[in-house]
Amino acid sequence: MEEKQKKVSLVLAVNGERFELPCVDPSTTLLQFLRSETCFKSPKLGCGEGGCGACVVLVSKYDPSHKKVEDFSVSSCLTLLCSLNGCSITTSEGLGNTRDGFHSIHERFAGFHASQCGFCTPGMCMSFFSALVNADKGNKPNPPSGFSKLTSSEAEKAITGNLCRCTGYRPIADACKSFAADVDIEDLGFNSFWKKGDSKEVKVSKLPPYDPTKNFSTYPEFLKSESTTNSDSSRRYPWYSPVSIEELRSLLYSNVMENGASFKLVVGNTGTGYYKETQPYDHYVDLRYIPESSIIERDQNGIEVGATVTISKLISFLKEENIVNIGSYGTLVSQKLARHMEKIASPFVRNSASVGGNLVMAQKNGFPSDIATLFLGLSATVRLMTSHGFEKLSLEELLSRPPLDSKTVLLSVCIPFKNAQSSLQTNSKLLFETFRASPRPHGNAIAYVNAAFHADVSHCKNGVLINNIQLAFGAYGTKHATRAKKVEEYLEGKILNVHVLYEALKLVKLAVIPEDDTLHPEYRSSLAVSYVFKFLHPLTDVHSAISGGLLNGISDISVEELSKSCNDGRISQGREQTLLSSAKQVVEYSSTEYYPVGEPMKKVGAAMQAAGEAVYVDDIPSPPNCLHGSFIYSTKPLAGVTGIQLESNRLTDGVTAVITFKDIPSGGENIGVLTKFGTEPLFSDDLARYAGDRVAVVVADSQMSADVAARTALVEYDTENIDPPILTVEEAVEKSSFFQIPPFLNPKQVGDFSKGMAEADHKILSAEIRLGSEYYFYMETQTALAIPDEDNCMVVYTSSQYPEYSHRVIASCLGVPEHNIRVITRRVGGGYGGKAIRAMPVSAACALAAYKLRRPVRIYVNRNSDMIMTGGRHPMKVTYSVGFKSSGKITALHLDILINAGISEDVSPIVPSNVIKALKKYDWGALSFNVKLCKTNLSSKSAMRAPGEVQGSYIAEAIMERVAGLLSMEVDSVRNKNFHTFESLNLFYGNIVAEGEYTLPSIMDKLAVSSSFFQRSKMIEQFNQNNTWKKRGISRVPIVYEVMQRPTSGKVSILQDGSIVVEVGGIELGQGLWTKVRQMTAYALGFIDSSWAEDLVEKVRVIQADTLSLVQAGFTAGSTTSESSCEAVRLCCDVLVERLTPLKKQLQEQNGSVDWPMLILQAQTQSVNLAANSYYVPESGSMSYLNFGAAVSEVEIDILTGETAILQSDIIYDCGQSLNPAVDLGQIEGAFVQGIGFFMHEEYLTNEDGLMVSNSTWKYKIPTIDTIPRNFNVHVLNSGHHEKRVLSSKASGEPPLLLAASVHCATREAVKAAREQLKLWGNLDGSVSEFYLDIPAILPVVKTQCGLDYVEKYLESILAQKSN
């Protein structure tokens, strides 16, 4: 029998190609198969958790009984390959590619400038393609020609689960919405398809064509004819697919499953994204083919849903129009469940995740499930198959039982509908509502608290009587969802009024108490109170609408409808609409003086990136005998390492070696990092110095084996006779643990502080600001591939912003001359500073392992380890004293700044001066400071986009807010009072601004007009007076950002056919460096003949960085590498122009005309040197310059939940004469949204040992499409000629990130309005304006500052009014 099972093959298609796999390890994921066994590399490993969307593909299944193909997106990193027998897989390469032509999705992504680093783009395209295919199959009316049946709202929702760290999402949304039938083409943003002034018709005609009728088949014909019946697939060993309950039972209790054999029940396997597997299973049982567990039915009595039904299928079913009359209550429940469940996970996870799997995780593991809470609130029952037979019990009983044993199977869930008939007879009404608040409003984030409430109420002459009520809460830091029984008992039989509600809410607070170690426990309890208030408040006698007979003659209703019907509709949740409204991008073109420089050309290779053909390090095919490495790191902050024990199981069978510091060859050094300020060891020797310190690299024959071995390895520690670790800046001060700041990096003080303080009318002394860390969250984690070469040489491919220093580190570590090492970097899947210094140890470890084992080794650091080991932004503690006049003019500021640098210098010595430079954007009168760089036992903090500047700029704003609060002035007017004049700016920044280049005052004035800042400020004031539960705030923030150019090299070579190869020191990270370099090459060579410039652009190819080909390349960071690389190329081209111009003149005289190919052919013939090298060194007087910009942001906070929505952001940013306005626009938007992450979302959490614990996509939340400004307007200002700049251009990569402080400042204004409301009620503890809003201002932070007892204080004020 077993022999026969082994012979049955797994058959599937990938992009139309047939694959037959006779032998498959059942733990293999689809992503592992695609990336290692096929040539398709577009699905990327971004997280391995289903949390980022980089690996999304389309799965197509054929249903022979209905002769229909079902298409849905899945997370290929979680989907098991064996579950796809008879399926067809489509990846982004399958939609289109360089050879066969790109799909219109790829072309539109490129044309809307929606791909920067490109690592996330193929997954984004597939998420969208899945929505497109399914919309066009639907029976909506046919769309206009060139469009799909998708709506704009559906287009946005299609990508809500996909993360992008580069673009800021707006251009991605526009690319997707360009396919929508209901889109207003005028609302779509800046793109390369049409020009200003084109009519709607012309715009539509210029879009890459889309014809849904010509969509290629996602399911090839040959698969339909293959024998892929369930009975065949169920015989594959050791993967079983039983087709009946009987077969399942006999399988689970057969000899196969006895004798300690482990087995796994599988549906979608999405649970492994949350609960990582480190143990192998002997057998896998696929439950999807059992009819009883895949049913989905609904009638007047309720809904029955099989346990293997996916969440997406249940949502679609609940949304369907009913043939059977299920009554108004059944309709209400169906709609509410569907709407809530659309916020669970992301579309590509919901498509595979099963309802039953979600409930079983909640029951067995305490997973914070929404579905368990929803079903508990509806008194659901479940049906189980146990060892004794079948059992039916309530969900509440199931959740309170001990964890189910492995052979107990959940078969189905039944949700009863309350009997509408009986409620009609008693004249009662049924209410049902669900609630959730999470870091992301539209899902892909676990809720802080979720809830489902059901009530049976009736109207009587004194108000509303509660006959029966059920209140279910979950995810609040409890093992499973619970009912608030005491609250229910208190409310039942009572007529609802303010006093009853107030007493009930007291009981809610006692009922919803998170367990110890739950984050933000008070907030969660307060949130539960908010939910009950929101549910019952519309029914109290406060609402005159109730006594006006609101409930009369209305059947079952939702609270939402009820609150809308009331006079005070301010608690209502609002109707469905698009996430983003129209946005304006104003791009001021440079003159054609430097053509094609200054043109908004689309990014080089953007369509190729979208199709997934761009090659990143992990896409390079593994050489023969290649091994894979994974880091073992310390979990202790300071401890002796006495040994490493590897766990032995089948998943770790492939382990080849464990590489430690002892494996460094004689003559080599234990070095992993080298900067101008010092070094850092590659591995801890006998002492681990911080949690996350590299202890060893496990090397195995697969990345999975290496990762599992590293994850399960036991490091043995000894902490005897070791000093306690230094983890905080306060401990560092106490123990005088500091790094030296070199004198040349010490920032300059301004004026006389004592004198300034003496002139002040008011003083704030020793106020404190604390700022936390932030993780880079590049989509491609740290990665390297090392290949031993002849003569003791080594080729290392690395994803690095600093290959030159990686090269030096590897050579030092191996003890070989630098000419033995070649480091190659083609492109980087996002860096933001994290791939500069922190990439070095990964390359070095990889090279060391390859050197030791004499085999190729590659390392692709898994997301969880990357987050722990890589460090991030510098945390700071700032204490300041400030003196100011009654007018708001500041006269003196002193700061004591403690910067937590972590364990090594890295580039931390540059941070103090960056903080002070950004803070100098205001005229402080006198400015003094004392900055200490603290050495602590934490991971080394490194440069992260705007390192120090983002903190310095924010500190300035926080001081302005504090001063304004104390003077009861508008913050904006205090800012204006302290704005620099041209003279004071040069005093603070050392005379680096020329006359006419200080554009910030005019930017601020322009922005006030274009954003209607003052009018909106008045409207917001009005809004806040009229709204109790929502408050708005607006803020206008300027930035001054100093950048410095660094030397870099370039090389331009012209080949025989006239095509041009360019090498530059700068690395393409997604910032469009190659695109600008390409334009500059065409411009500079165009001096031979300006009419050639346009054609020359297409002839230029910028190639990968190679440290043996181009030396002294430098460091890609600090926002200026694009312009430095362009200048290096221009120098090369100048040499070539000088060589070729005489020849061109000669040919012209001979032939009358000459073109580029003829010129190059003749140059070859006459032995003209067609290659030129350069080394650009900026002049010392013009190395540094200032960048200016400003932003206005408006937010709305929900006081009941603490949620902040960014209604609008307007930015004006001065790019000088932009080298490429499309690229710079993308940089501005992307940096701003990354800044929103720092200020509003990204919670960097560590345990008591300093080990990062928010190290997953589940816990660390970067911005998503639903958290960016709804209306996002950007003006790229062309400020004209700047003599000392590269073709008058200015930087755009980092400065705009600082502008995101405007969102935080606006949030503070909105919180202030909430506190003013409390003051009006006579219930404010503390001052209206003297409060500190933490960074990030996540929901708990906002709600805490509004008052966690805001609801209670509101009710107290009403009760007080009544008693008077």
Side-chain angles (χ1 to χ4, degrees), residues 165 168-170 439-441 579-581 583 769 771-772 774 873 918 945-946 949-958 960-961 971-972 975 1004 1007 1011 1013 1016-1017 1020 1030-1039 1189-1198 1201-1213 1228-1243 1261-1274 1294-1314 1331-1343 1345-1346:
R165 191 59 145 168
Y169 300 100
R170 198 269 322 148
R440 291 177 181 150
L579 301 174
L580 309 176
S581 62
I769 297 169
L771 296 160
E774 181 186 18
R873 205 178 280 291
R945 202 173 194 171
E949 287 97 348
V950 67
Q951 294 99 324
S953 193
Y954 170 73
I955 291 162
E957 298 308 334
M960 290 291 157
E961 288 174 331
V971 187
D972 197 71
R975 287 189 180 108
M1004 289 291 274
L1007 186 63
S1011 69
F1013 175 67
R1016 281 165 61 204
S1017 298
I1020 284 167
K1030 297 270 173 87
K1031 299 291 179 190
R1032 289 181 181 174
I1034 193 167
S1035 180
R1036 179 173 58 152
V1037 166
I1039 58 155
V1192 167
S1193 289
E1194 180 185 349
V1195 305
E1196 180 177 281
I1197 61 170
D1198 181 337
T1201 62
E1203 191 178 306
T1204 303
I1206 309 170
L1207 302 181
Q1208 185 170 327
S1209 288
D1210 294 80
I1211 296 170
I1212 299 182
Y1213 183 77
I1228 293 163
E1229 291 182 336
F1232 185 81
V1233 170
Q1234 193 167 7
I1236 290 172
F1238 175 66
F1239 286 111
M1240 302 302 293
H1241 300 290
E1242 297 172 41
E1243 212 176 359
K1261 298 299 179 185
I1262 69 169
T1264 41
I1265 190 173
D1266 54 344
T1267 54
I1268 70 168
R1270 288 179 188 169
N1271 192 342
F1272 193 4
N1273 305 312
V1274 179
E1294 292 173 289
L1297 188 142
L1298 280 56
L1299 294 171
S1302 61
V1303 174
H1304 188 273
C1305 295
T1307 306
R1308 193 181 185 280
E1309 289 298 300
V1311 170
K1312 199 168 107 186
F1331 65 95
Y1332 182 65
L1333 190 68
D1334 281 331
I1335 287 176
I1338 53 173
L1339 281 73
V1341 165
V1342 171
K1343 187 163 169 55
Q1345 291 302 345
C1346 292

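All heavy atoms count here, side chains included; hydrogens, waters and symmetry mates do not. Numbers for residues simply follow the sequence, beginning at 1.
Under the 3.5 Å distance criterion, the side-chain polar atoms of Q1208 are left unmatched by any main-chain donor or acceptor of P1269. For R873 (side chain) and V950 (main-chain N/O), no donor-acceptor pair under 3.5 Å exists by modelled atom type. At distances below 3.5 Å, not a single donor-acceptor pair connects side-chain atoms of H1241 with backbone N or O atoms of T1264. Not one N or O on the side chain of R975 forms a donor-acceptor pair closer than 3.5 Å with the backbone of M960. Here the side chain of T1267 pairs no donor or acceptor atom with the backbone of R440 at under 3.5 angstrom. Within the 3.5 Å criterion, the main-chain N or O of Y1332 finds no donor-acceptor partner in the side chain of R1308. At distances below 3.5 Å, not a single donor-acceptor pair connects side-chain atoms of S953 with backbone N or O atoms of E949. In this structure, the side chain of H1304 does not engage the main chain of P1336 through any donor-acceptor pair within 3.5 Å.
When ring centroids are compared, F1232 and F1272 come within the 6.0 Å threshold. The distance between the ring centers of F1238 and Y954 does not fall below 6.0 angstrom.
Annotation: the span from S1011 atom OG to N1271 atom CG amounts to 11.0 Å, rounded to 0.5 Å. E1203 CD to E1196 CD: the interatomic distance, rounded to the nearest 0.5 Å, is 9.5 Å. Here the OH atom belonging to Y1213 is positioned 8.5 Å from the CG atom belonging to L1299, to the nearest 0.5 angstrom. Note that CZ of R1032 is 13.0 Å distant from OG of S1017, once rounded to the nearest 0.5 Å.
In this structure, S1035 and A1306 approach most closely via the heavy-atom pair CB-N, 3.5 Å. F1239 approaches L1297 most closely through the heavy-atom pair CE1-O, 4.4 Å. Minimum interatomic distance between I1039 and P1295 (heavy atoms only, all atoms of both residues): CD1-O, 3.3 Å. Annotation for I1197 and C1346: closest pair CD1-SG, 3.7 Å, computed over non-hydrogen atoms.
Using a 4.5 Å cut-off on side-chain heavy atoms (C-beta onward), C1305 and V971 make no contact. The shortest side-chain heavy-atom distance between D972 and F1013 falls under the 4.5 Å cut-off. Residues E1242 and I1262 have side chains in contact (heavy-atom distance under 4.5 Å, counting atoms from C-beta outward). The shortest distance between side-chain heavy atoms of E1194 and S1302 does not fall below 4.5 Å.
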inquiry  = I'd like to know whether L771 forms a side chain to side chain contact (heavy atoms under 4.5 Å, CB included) with I955, so could you lay out the CA-CA distance, the side-chain angles of the two residues, the decisive distance to 0.1 Å, and finally the verdict.
reply    = CA-CA 9 Å; L771 296 160; I955 291 162; 4.2 Å; yes
task = Carefully, step by step, assess I1338 and V1341 under the rule side chain to side chain contact (heavy atoms under 4.5 Å, CB included).
result = CA-CA 5 Å; I1338 53 173; V1341 165; 3.8 Å; yes
task = Start with the C-alpha gap between D1210 and R1016, add the side-chain angles, then the distance that decides, and say whether side chain to side chain contact (heavy atoms under 4.5 Å, CB included) holds.
result = CA-CA 13 Å; D1210 294 80; R1016 281 165 61 204; 3.6 Å; yes
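Checked options I1211, V1274, I1228, V1233; the residue passing with P1296 is I1228 (criterion: side-chain contact (heavy atoms from CB on, under 4.5 Å)). Each of E774, Q1234, E1294 was checked for a side chain to side chain donor-acceptor pair (under 3.5 Å) with R945, and the lone residue meeting it is Q1234.
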